[in-house]
Amino acid sequence: MFLGVEVRDLHKKLGAQRALAGFSSDFSAGALHGVIGPDGAGKTTLLRLLAGLLRPDAGEIVFTDGGRPAPFASVRPTLAYMPQQQSLYPDLTCSEHLDFFRDLYRLPKDVYRERRGKLLHLTRLEPFQSRRAGQLSGGMYKKLGLMCALLQSPSAVLLDEPTNGVDPVSRREFWELLYGLVERKTLVVVSTAYMDEAERCGVVHLMDAGRRISSGEPRALLEKEGASGFDEIFRRRAAEARR
C-alpha cells in the first residue's frame with residue numbers, strides 16, 4: 001500500500017479539555033511528516049485518532065492508497081503505532097519481545113527470520129538480544145519499540161514523541177532509522193516537542209491549542225514566517241496570546 005492521510009476539521013474533547021479544535025492537514029504518502037508543538041498542543045490525541053484508538057467528536061480522517069480513498073478496515077492492519085509512554089515488558093528480553101510480536105502478527109517462520117535479522121542489524125541491537133527491556137538505555141529501549149512496530153512491515157508508522165528523554169547520539173541514530181523507512185516509501189508521522197527536530201522532517205505541521213498553525217517544507221516555512229527557528233514561531237504566538 002502507498003498510504004496517505006487527509007484530515008479535515010477534527011474536534012475532540014477529553015473530559016473537560018478540548019484536545020483538538022478544528023485540526024486540518026494533509027499527510028502525503030511516502031514522506032516523513034513532523035507534528036511539531038509544545039506540550040498540550042494536541043499531538044498525542046491526533047496520533048491516537050489516526051491510529052483508530054480514539055474517535056473524533058467531529059470532522060473526518062480519510063486514508064488514501066495511491067491517491068484513492070481506502071476504508072480504514074483495510075488500512076488498519078498496515079498501521080504501526082508507537083506510543084510515547086513505555087509499552088514494553090521490562091522482564092522480557094529483546095529476543096522475547098520479537099518472538100511475542102511474531103506470534104501477534106502471525107508471521108511465517110521464513111518471513112520472521114529475515115525481518116528479525118534486518119531489524120536487529122539496522123537498530124544495532126544484535127549484541128543485546130538477551131538483555132531485558134527494563135535494563136536497556138533510553139535510546140535502546142526506543143529502538144526496541146520501533147523494531148517491534150516494524151516487524152509487521154507497515155505501510156504507515158505513527159510515532160508519538162519517540163526521542164523524548166533520549167540522548168543526542170541515540171536521537172540521531174533513531175532519525176536515521178526513520179529516513180530508511182521513507183526511502184522504502186513508508187508514510188512516517190512523528191510528533192515532537194523538540195524544535196530542532198522539526199528541520200529533520202520532510203514536511204512539518206505546526207500545532208498549538210488543538211489547531212494547525214501552518215504546514216510546509218521546514219526551510220520554506222521558516223522563510224515564510226521570517227523566523228530563524230521554529231521555537232521563535234511558538235514564542236511569538238505565546239507573546240501574542242498574552243496581549
Side-chain angles (χ1 to χ4, degrees), residues 4-28 31-62 79-87 138 142 145 156-166 171 174-175 178 187-222 224-243:
V5 192
E6 298 174 1
V7 178
R8 296 288 174 265
D9 197 27
L10 281 190
H11 291 259
K12 183 65 181 180
K13 287 188 69 175
L14 299 175
Q17 179 185 2
R18 186 175 295 279
L20 293 180
F23 182 90
S24 297
S25 207
D26 290 338
F27 299 89
S28 54
L32 199 166
H33 295 263
V35 179
I36 316 298
D39 291 341
K43 303 186 299 296
T44 294
T45 301
L46 173 64
L47 290 187
R48 287 178 178 173
L49 286 165
L50 295 180
L53 300 177
L54 295 174
R55 292 186 178 181
D57 297 328
E60 62 177 351
I61 300 170
V62 178
L79 287 178
Y81 171 64
M82 184 174 162
Q84 179 183 159
Q85 65 271 24
Q86 293 190 354
S87 57
K142 293 296 180 71
V157 181
L158 311 174
L159 307 165
D160 191 8
E161 300 201 25
T163 58
N164 187 26
V166 174
R171 282 174 63 189
F174 200 94
W175 278 93
L178 299 186
L187 169 64
V188 178
V189 181
V190 54
S191 71
T192 181
Y194 292 133
M195 296 296 119
D196 62 302
E197 290 191 333
E199 296 186 50
R200 297 176 181 260
C201 301
V203 183
V204 291
H205 308 261
L206 306 188
M207 188 175 187
D208 193 22
R211 295 183 174 86
R212 180 180 66 89
I213 302 172
S214 189
S215 294
E217 188 275 327
R219 294 197 178 190
L221 193 53
L222 287 174
K224 176 183 175 182
E225 297 288 339
S228 59
F230 289 96
D231 53 344
E232 181 180 341
I233 296 175
F234 285 99
R235 285 199 303 267
R236 287 178 189 172
R237 284 187 59 83
E240 291 171 358
R242 290 193 296 266
R243 292 174 185 171

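Position 1 is the first residue of the sequence, and the numbers go up from there. Please read these numbers as outputs of a predicted model, since none were measured by experiment.
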To the nearest 0.5 Å, what is the distance between [atom1] on [X] and [atom2] on [Y]?
X: Ile213; Y: Ser25; atom1: CD1; atom2: OG; value: 11.5 Å
X: Leu79; Y: Leu50; atom1: CG; atom2: CG; value: 8.5 Å
X: Asp160; Y: Met82; atom1: CG; atom2: CE; value: 9.5 Å

Between [X] and [Y], what is the shortest heavy-atom contact and its length?
X: Ala193; Y: Asp39; value: CB-OD1, 4.1 Å
X: Leu14; Y: Ala19; value: CD1-CB, 4.0 Å
X: Gly34; Y: Cys201; value: CA-SG, 3.5 Å
X: Phe234; Y: Met195; value: CD1-SD, 3.6 Å
X: Lys142; Y: Phe174; value: O-CE1, 3.6 Å
X: Ala209; Y: Ala21; value: O-CB, 4.1 Å

4.5 Å side-chain heavy-atom contact, [X] and [Y]:
X: Ile61; Y: Val5; answer: yes
X: Ile36; Y: Tyr194; answer: no
X: Leu54; Y: Thr45; answer: yes
X: Phe230; Y: Glu199; answer: yes
X: Tyr81; Y: Leu47; answer: yes
X: Thr44; Y: Ser191; answer: no

According to salt bridge (charged side-chain N to carboxylate O under 4.0 Å, His left out), does anything in [range] pair up with another residue at least two apart or in another chain? List the pairs.
range: residues 13-26; result: Arg8-Asp26
range: residues 43-62; result: Lys12-Asp57, Lys43-Glu161
range: residues 207-219; result: Asp208-Arg237

Inset, instruction - Check the pair Val203, Leu32 against side-chain contact (heavy atoms from CB on, under 4.5 Å), reporting the backbone distance first and the verdict last. - result: CA-CA 6 Å; Val203 183; Leu32 199 166; over 6 Å; no
Legend entry - Set of side-chain hydrogen bond (donor to acceptor under 3.5 Å, both in side chains) partners for Arg171, sequence neighbours left out: Asp196, Glu197
Legend entry - Residue pairs passing the ring-ring contact (aromatic ring centres under 6.0 Å, His included) test where at least one lies in residues 34-62, sequence neighbours excluded: none
Inset, instruction - May I have all residue pairs that pass ring-ring contact (aromatic ring centres under 6.0 Å, His included) and include part of residues 31-50, sequence neighbours excluded? - result: Phe27-His33, His33-His205
Inset, instruction - Test side-chain contact (heavy atoms from CB on, under 4.5 Å) on Val157 and Leu159 and set out the steps. - result: CA-CA 6 Å; Val157 181; Leu159 307 165; 3.5 Å; yes
Legend entry - The single option from Leu10, Leu158, Val7 passing side chain to side chain contact (heavy atoms under 4.5 Å, CB included) against Leu49: Leu10
Legend entry - Steps toward side chain to side chain donor-acceptor pair (under 3.5 Å) verdict (Asp9, Ser24): CA-CA 5 Å; Asp9 197 27; Ser24 297; 4.9 Å; no
Inset, instruction - Please lay out, stage by stage, how Ile233 and Leu222 fare under the test side-chain contact (heavy atoms from CB on, under 4.5 Å). - result: CA-CA 8 Å; Ile233 296 175; Leu222 287 174; 4.1 Å; yes
Legend entry - Partners passing side-chain contact (heavy atoms from CB on, under 4.5 Å) against Ser214 (at least two apart in sequence or in another chain): Leu221, Lys224, Glu225
Legend entry - Under the side-chain contact (heavy atoms from CB on, under 4.5 Å) test, residues paired with Glu232 that sit two or more places apart: Ala227, Ser228, Arg235, Arg236
